[in-house]
Amino acid sequence: MKKLLLLFILNVVALSCLAQGLESASKKISKLKKSKVDTIVSVYRYSSSMTMPTEKGKDCFLTSSQMLFWTKDGEYFKQAFDNCNDYKEKKIDSTIFIKFVRDSIKILKTAEILPVKCVFRDMAGIAHYQKNNAPKHSKFTDITIYTGSITLLKKIDHYNIITENCDAEYLNDNWETNNANILKLLFDEADREFRDK
């Protein structure tokens, strides 16, 4: 009974910390919108039903991270948010997110990462498909773009991005298409940015 109570208390504390991190990012987005920033890009990473350990705090488990990018008066900024640390706003030289989003908004409206599709092509070139046994737990990235009156939300399941082969014979038929997708470019750029909080 004591173990169950302790587990319950730890879950409540973890959820409370997570909510605080997300609340700070939401407040920042609201503040930026009020200050007439015309383009904001939010990259939010989280996992489903699992935690990701971090070295940022002895008792902290990183369950989600969010990074905001924006430009104001010709200068570029970013700020990270998570449930383990407070990060300061950083001025940066430029950001691919803002430039790329502005130039590609029409393409981004319809862009989607396709699910893993397992195919084996025999000697005659005939495709044989098998059921994709996607994991029940995965990591996800939500890219939200606020530009003018437009708000776009793009959800990316990391499993669909990283899976090239379903097994030794069956390949992911959507691998090349996903790797050429504009969202994959933003996903890769987010990886670089998250390493430099």
Side-chain angles (χ1 to χ4, degrees), residues 21-48 52 62-82 87 89-119 132 134-135 137-164 171-197:
L22 297 180
E23 186 178 317
S24 296
S26 296
K27 284 179 181 176
K28 184 71 172 196
I29 291 169
S30 181
K31 182 180 171 186
L32 289 170
K33 285 180 176 179
K34 286 177 186 171
S35 68
K36 308 287 190 214
V37 171
D38 70 343
T39 303
I40 306 164
V41 179
S42 164
V43 181
Y44 172 48
R45 295 197 156 177
Y46 58 98
S47 60
S48 173
M52 298 172 284
L62 183 65
T63 53
S64 65
S65 295
Q66 189 166 0
M67 190 169 289
L68 304 180
F69 302 89
W70 69 94
T71 181
K72 188 171 183 181
D73 301 325
E75 295 182 324
Y76 296 93
F77 301 89
K78 74 176 181 179
Q79 187 171 3
F81 301 85
D82 65 36
Y87 299 92
E89 182 178 298
K90 278 178 137 178
K91 185 177 169 184
I92 52 179
D93 291 335
S94 68
T95 171
I96 189 173
F97 289 102
I98 302 298
K99 292 176 182 175
F100 209 67
V101 161
R102 285 181 176 163
D103 294 342
S104 310
I105 198 71
K106 287 183 182 176
I107 297 168
L108 283 165
K109 283 181 181 179
T110 58
E112 298 296 336
I113 295 295
L114 300 172
V116 170
K117 188 176 179 184
C118 302
V119 64
N132 172 26
H137 306 295
S138 187
K139 294 178 184 174
F140 300 88
T141 293
D142 292 350
I143 300 175
T144 309
I145 301 159
Y146 307 90
T147 181
S149 61
I150 299 168
T151 299
L152 284 179
L153 170 61
K154 298 295 175 177
K155 292 184 167 290
I156 300 171
D157 185 332
H158 292 209
Y159 173 75
N160 295 328
I161 291 280
I162 64 171
T163 305
E164 184 174 4
L171 307 177
N172 174 11
D173 211 28
N174 288 328
W175 171 255
E176 287 182 14
T177 304
N178 283 342
N179 273 274
N181 193 297
I182 190 171
L183 293 175
K184 175 65 163 65
L185 177 67
L186 292 177
F187 179 89
D188 289 343
E189 187 63 22
D191 263 349
R192 284 187 281 277
E193 294 286 358
F194 269 100
R195 286 186 215 116
D196 177 34
K197 292 182 183 178

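Positions are given from 1, in the same order as the sequence printed here.
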Residues in ring-ring contact (aromatic ring centres under 6.0 Å, His included) contact with F140, at least two apart in sequence or another chain: Y46
Check: N179 and K184 side chains under 4.5 Å, non-hydrogen atoms: yes
Nearest heavy-atom neighbours spanning N181 and A111: OD1-CB, 3.9 Å
Any side-chain heavy-atom pair of L152 and I105 under 4.5 Å: yes
Any donor-acceptor pair under 3.5 Å from N172 side chain to T163 backbone: yes
Least distance between heavy atoms, N174 atom then P115 atom: ND2-O, 2.6 Å
Smallest separation among heavy atoms of Y87 and F81, with atom names: CD1-N, 4.2 Å
Between OG on residue S26 and OH on residue Y44, distance to nearest 0.5 Å: 9.5 Å
Salt bridge (Lys or Arg N to Asp or Glu O under 4.0 Å) partners of residues 65-75, not counting sequence neighbours, each pair once: E75-K91
Under the ring-ring contact (aromatic ring centres under 6.0 Å, His included) test, residues paired with F100 that sit two or more places apart: none
Of L32, T147, V101, the residue whose pairing with I40 passes side-chain contact (heavy atoms from CB on, under 4.5 Å): L32
Salt bridge (Lys or Arg N to Asp or Glu O under 4.0 Å) contacts in which one or both residues fall within residues 146-157, not counting sequence neighbours: E112-K154, D142-K155
Spacing of CD1 belonging to I98 relative to CD1 belonging to I145, to within rounding of 0.5 Å: 9.5 Å
V37 to T71 - nearest heavy-atom pair and separation: CG1-O, 3.5 Å
Separation of I113 CD1 from I161 CD1 (nearest 0.5 Å): 4.0 Å
Contacts of R195 that satisfy salt bridge (charged side-chain N to carboxylate O under 4.0 Å, His left out) - sequence neighbours left out: none
Value rounded to 0.5 Å, distance of CD1 in I29 from NZ in K27: 13.0 Å
Value rounded to 0.5 Å, distance of CG in L183 from CD1 in I143: 6.0 Å
For S42, all residues meeting side-chain hydrogen bond (donor to acceptor under 3.5 Å, both in side chains), sequence neighbours excluded: Q66
Inter- and intrachain pairs under salt bridge (Lys or Arg N to Asp or Glu O under 4.0 Å), touching residues 92-106, at least two apart: D38-R102
Crowding at CD, E176 (>12 non-hydrogen neighbours, <6.0 Å): no
Residues in side chain to side chain contact (heavy atoms under 4.5 Å, CB included) contact with T177, at least two apart in sequence or another chain: L114
Partners meeting ring-ring contact (aromatic ring centres under 6.0 Å, His included) with F77 (sequence neighbours left out): W70
L171: partners by side chain to side chain contact (heavy atoms under 4.5 Å, CB included), with sequence neighbours left out: N165
Any residue meeting side-chain hydrogen bond (donor to acceptor under 3.5 Å, both in side chains) with K78, in chain and number order, not counting sequence neighbours: E193
Side-chain donor-acceptor pair present, H158, T141, cut-off under 3.5 Å: yes
Pair D196 + R192, salt bridge at N-O below 4.0 Å: no
Euclidean distance, I182 CD1 relative to F187 CZ, rounded to 0.5 Å: 15.5 Å
Residues that Y159 engages under side-chain hydrogen bond (donor to acceptor under 3.5 Å, both in side chains), provided they are two or more places apart: N132
